[in-house]
Number of protein chains: 2
Amino acid sequence: MQKQVLSDIEIAQKAQLKQIYRIAEDLDIQQEELEPYGHYKGKLSLSLLDRLKDEQDGHVVLVTSINPTPAGEGKSTVTVGLGQALNKLGKKAMIAMREPSLGPTMGIKGGATGGGYSQVVPMEDINLHFTGDIHAITTANNALSAFIDNHIHQGNQLQIDARRIVWKRVVDLNDRSLRKVIVGLGGPTQGVPREDGFDITVASEIMAVLCLAVDLKDLKNRLGRIVVAYNFNREPITVNDLGYEGALSMILRDALKPNLVQTLENTPAIIHGGPFANIAHGCNSVIATKLAAKLGDYVVTEAGFGADLGAEKFLNIKCRAANIKPSVVVIVATIRALKMHGGQAKDQLKEENVEALEKGILNLEKHIETIQNFGLPFVVAINKFITDTEKEVAWLQQWCKEKGVRVSLTEVWEKGGEGGLDLGNEVMAAIKEDQNNFTYLYESNESIEQKVTTIAKKVYGAGHVEFATTAKLQLRQFGQAGWGDLPICMAKTQYSLSDDPTKFGRPQNFTITIRELKASIGAGFIIALTGDVMTMPGLPKQPAALNMNVDEEGNVVGLF
Amino acid sequence: MQKQVLSDIEIAQKAQLKQIYRIAEDLDIQQEELEPYGHYKGKLSLSLLDRLKDEQDGHVVLVTSINPTPAGEGKSTVTVGLGQALNKLGKKAMIAMREPSLGPTMGIKGGATGGGYSQVVPMEDINLHFTGDIHAITTANNALSAFIDNHIHQGNQLQIDARRIVWKRVVDLNDRSLRKVIVGLGGPTQGVPREDGFDITVASEIMAVLCLAVDLKDLKNRLGRIVVAYNFNREPITVNDLGYEGALSMILRDALKPNLVQTLENTPAIIHGGPFANIAHGCNSVIATKLAAKLGDYVVTEAGFGADLGAEKFLNIKCRAANIKPSVVVIVATIRALKMHGGQAKDQLKEENVEALEKGILNLEKHIETIQNFGLPFVVAINKFITDTEKEVAWLQQWCKEKGVRVSLTEVWEKGGEGGLDLGNEVMAAIKEDQNNFTYLYESNESIEQKVTTIAKKVYGAGHVEFATTAKLQLRQFGQAGWGDLPICMAKTQYSLSDDPTKFGRPQNFTITIRELKASIGAGFIIALTGDVMTMPGLPKQPAALNMNVDEEGNVVGLF
């Protein structure tokens, strides 16, 4: 009874945590390989990856979802709950997740550390400054901006065209007023006036770089390759050209080390890196996933948004960059979202409506096909809400049964690992019994146009891909610059399979319009922008921050 | 021999550090009162101050200097060296210092953690992200900016006049291009266009607030009182009016906890807070100083720039706010700077010139008089440089002898604590033998005009104080707002006793012009701005960052 009324932060603050050195000890991590950050967080040494390089890799379990409602499908909660469940089933399970961004937390979203009895903790710390990784990225990103503007101010030896600077500043906040700004005003001693803008830090290419780097050397190489501007001859100017790859690496030295924490049930979790899933690839760091695979028999990890965005990028970009071969995919669905996809109004998702469910199932069906296109085994996880009716749940289970699809009703929010035991068993069975013919959907050396078209058709179900004039020009320029062989990072709304956020379900015969391309040469991908992709959110009229506080003992309240 | 050629970072990286829990243990700090941040840094619980409240306070030793050269007089080095020396003399000595700002470190200055064999360590960490305090302040400052702009965008219930927003954004970088910006461009969905600007984080009022708060409750109260703007009736709008004092306190919860580190000789040091000494008061946090006084028999602490700025504010603002009674002042002087004050050209300070020294001594003389005006005992510390000649040193020592002034030649840069034993003995003797009649130079309830005039005449030696038209108007407005009883925080160049940075020595009969006042109601002082005070530095043509790097083992190189 009492369970139902506690908020996430209240549950988290009641948890019996183990000291972090104990969690590390249980993983046979040596004392000098763990840097504690307080008693319940720690950074792991990169030397661990070296020491464990001959160990067998654990199974990588990717958690993704259908196209979510604005409240999300509970992927993080299922990820944490599944990790806890596998532990309860006697397996050595690890969790790998993204670090939350403070902006959305203080805006509308609350924390991003799971929910109910499936949370990673200490949730206040993880949702606030954690171990400072995102602050380090903000600093590196903005230092680079200062270096660029200083270069121009001091004589512009590289002949940077101030109108063609593609490097933006960042803050890890929701701040719409910074989207479009003019900097360098005030006369000749105050820099050179130009248009600029701020993104949220998690949309910074440096975040993507940090998450795709396999070690410090790779980090420095990637940072050096970042294209920040074009000169008056329209040739790209890189960080190496400016000479700051060393300073940026220095700023990011500690941020590259993965962070160890635990769940409410003391399951170890590595939380590291948090790129946006629209403008970037939306997965925790390669280092976190690889290290977790060395430390555990199973790594449960998630990718942002639905399978059309996060999972597609996890599989086509991250797995390719880091040579990761996932064992199974969990597709999270909620009855609520399926009803929304079936046409139920957003404010009536609590009402029983099997008819809407029947219509909305097409969205799940498409995501299942996508995972099948990648050749991977999968399990559908129904993330149960109190408002789901027995009839609705039964219908969904029956649909899966008829399709021959593994399905599990999970109650990890309410019951923790206990609520995910069946899902855990299904996941293990899928790994053991089902075929795994993992394959990328495209080859890197295909043309940019071809790769984008493959994703749009095979993953989104688009009938046609249109490249706007700007994008067409860039196709040629990027090819000439030698960037044609990079994988594609699609930037698209998360709410629809199409590029129109109001088209629910499984839209048919639609056109995907590629407005513009962006070269993330450090991250190692070409971003293809569709629709209006938001890289700096705004605050609502009553931000969540209005309810946040700290009591006189220093406890955080109202974070939820 | 080898000593001479090692850089500061090389010396620091060779140090035999004790694990931070050992340093804490030696201070009888209990395990739960220390949160480790890695093996060599830790945050101390605020509950420690409560537990130790009945302990006797140690002696507070304030280190200040004459008006410095651009390279500084080595106050930090002397502070660290003196702490080490007192330890060697068998005393329980603590050091309390400011946290360095990353901007100047990457610009021109290198680190700010002492030098040679008198450094606090791990110097790379302290000079980079340390425990994240400055990042938390940046975040809180900019979150407040986002809240203000969002309030206006969402209907502006408080009727904030966008032309009269006095709250600026910050980055902890040297970035001249951000000094004057326009934000909110792009049309109705992108906020409200207005002029804005960025300061360096250490110039943020939040930094001053954090450094003057005595506990979490005081922090929240001070944050709530911050005046961010005026409404269309010209009435002040505070953080409390907006309702974000809780969220800002939450963001700063960990930053309020003081940081424990050590020196190269394992002397414990608390490094916490780092306000600029021009726009703010330039001292480490009250919490750091008070806690260090509870933990040690002697606390050696420094205040930014010369005695006309840092020491004046330490004594009139910080001591008043926190009821601290200093025992003795160390006035650091270098032969180089004294020669500069005597007219020697900056590029010839290495040449022997006793005549210039004789002329420049007037600068030291004035600072001595200032400390005498405060009724405090003092010692002049000659911070020895290799280029000082025997003749010059002898002349300076003789001058002090004739004036009856305690003086000590310190070689702490070259020899660590060993080089400061004589200084340590003089400091203890001054405390024991000399009169201490500590008094503030003004009473809070005097008028703003009167308080400013007292500082200008008694500390700077000005003949006259002029208030510009804007300042005159503000004198009246601030009085009407009820802010007249706050102490004054002077913003003035550090290079001269006057407000003209080119006037060396001891200028006479000059006029100090107060251009403008600024109300720092959260910090609890009125800033009086003279001349052109820089709150956002720029980068030089070849920033120090160009030489910074990290090797493949993750070691920082080239930090200076």
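Labels below follow one simple rule: chain letters A, B, ... track the order of the sequence lines, proteins then strands, and each chain is numbered from 1.
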Distance-only polar pair, side chains of [X] and [Y], donor-acceptor under 3.5 Å:
X        : Y        : answer
B:Asp133 : B:Asn259 : yes
B:Asp241 : B:Thr238 : yes
A:Arg176 : B:Gln190 : no

If you count heavy-atom pairs under 4.5 Å between each of [options] and chain A, which one has the most?
options                                : result
B:Asp254, B:Ile152, B:Leu252, B:Leu34  : B:Leu34
B:Gln31, B:Lys217, B:Lys41, B:Lys541   : B:Lys541
B:Thr138, B:Asp172, B:Thr189, B:Val171 : B:Thr189
B:Leu256, B:Val183, B:Leu128, B:Leu216 : B:Val183

Which bit of [X] comes within less than 4.5 Å of chain B, counting heavy atoms only: side chain, backbone, both or neither?
X        : result
A:Asp196 : neither
A:His151 : neither
A:Arg194 : neither
A:Leu546 : both
A:Lys220 : side chain

Report which part of [X] has an atom under 4.5 Å of a heavy atom belonging to chain A: side chain, backbone, both, or neither.
X        : result
B:Asn174 : backbone
B:Leu242 : backbone
B:Lys43  : neither
B:Pro193 : neither
B:Leu539 : both

**Asked** Between A:His135, A:Glu552, A:Glu35, which residue shows the highest count of heavy-atom pairs closer than 4.5 Å to chain B?
**Response** A:His135
**Prompt:** Based on non-hydrogen pairs under 4.5 Å, which of A:Gly187, A:Gly132, A:Gly554, A:Gly186 is most in contact with chain B?
**Reply:** A:Gly554
**Request:** Name the orientation class of the two ring planes belonging to B:Tyr37 and A:Tyr37 (parallel below 30°, tilted from 30 to 60°, perpendicular beyond 60°).
**Result:** tilted
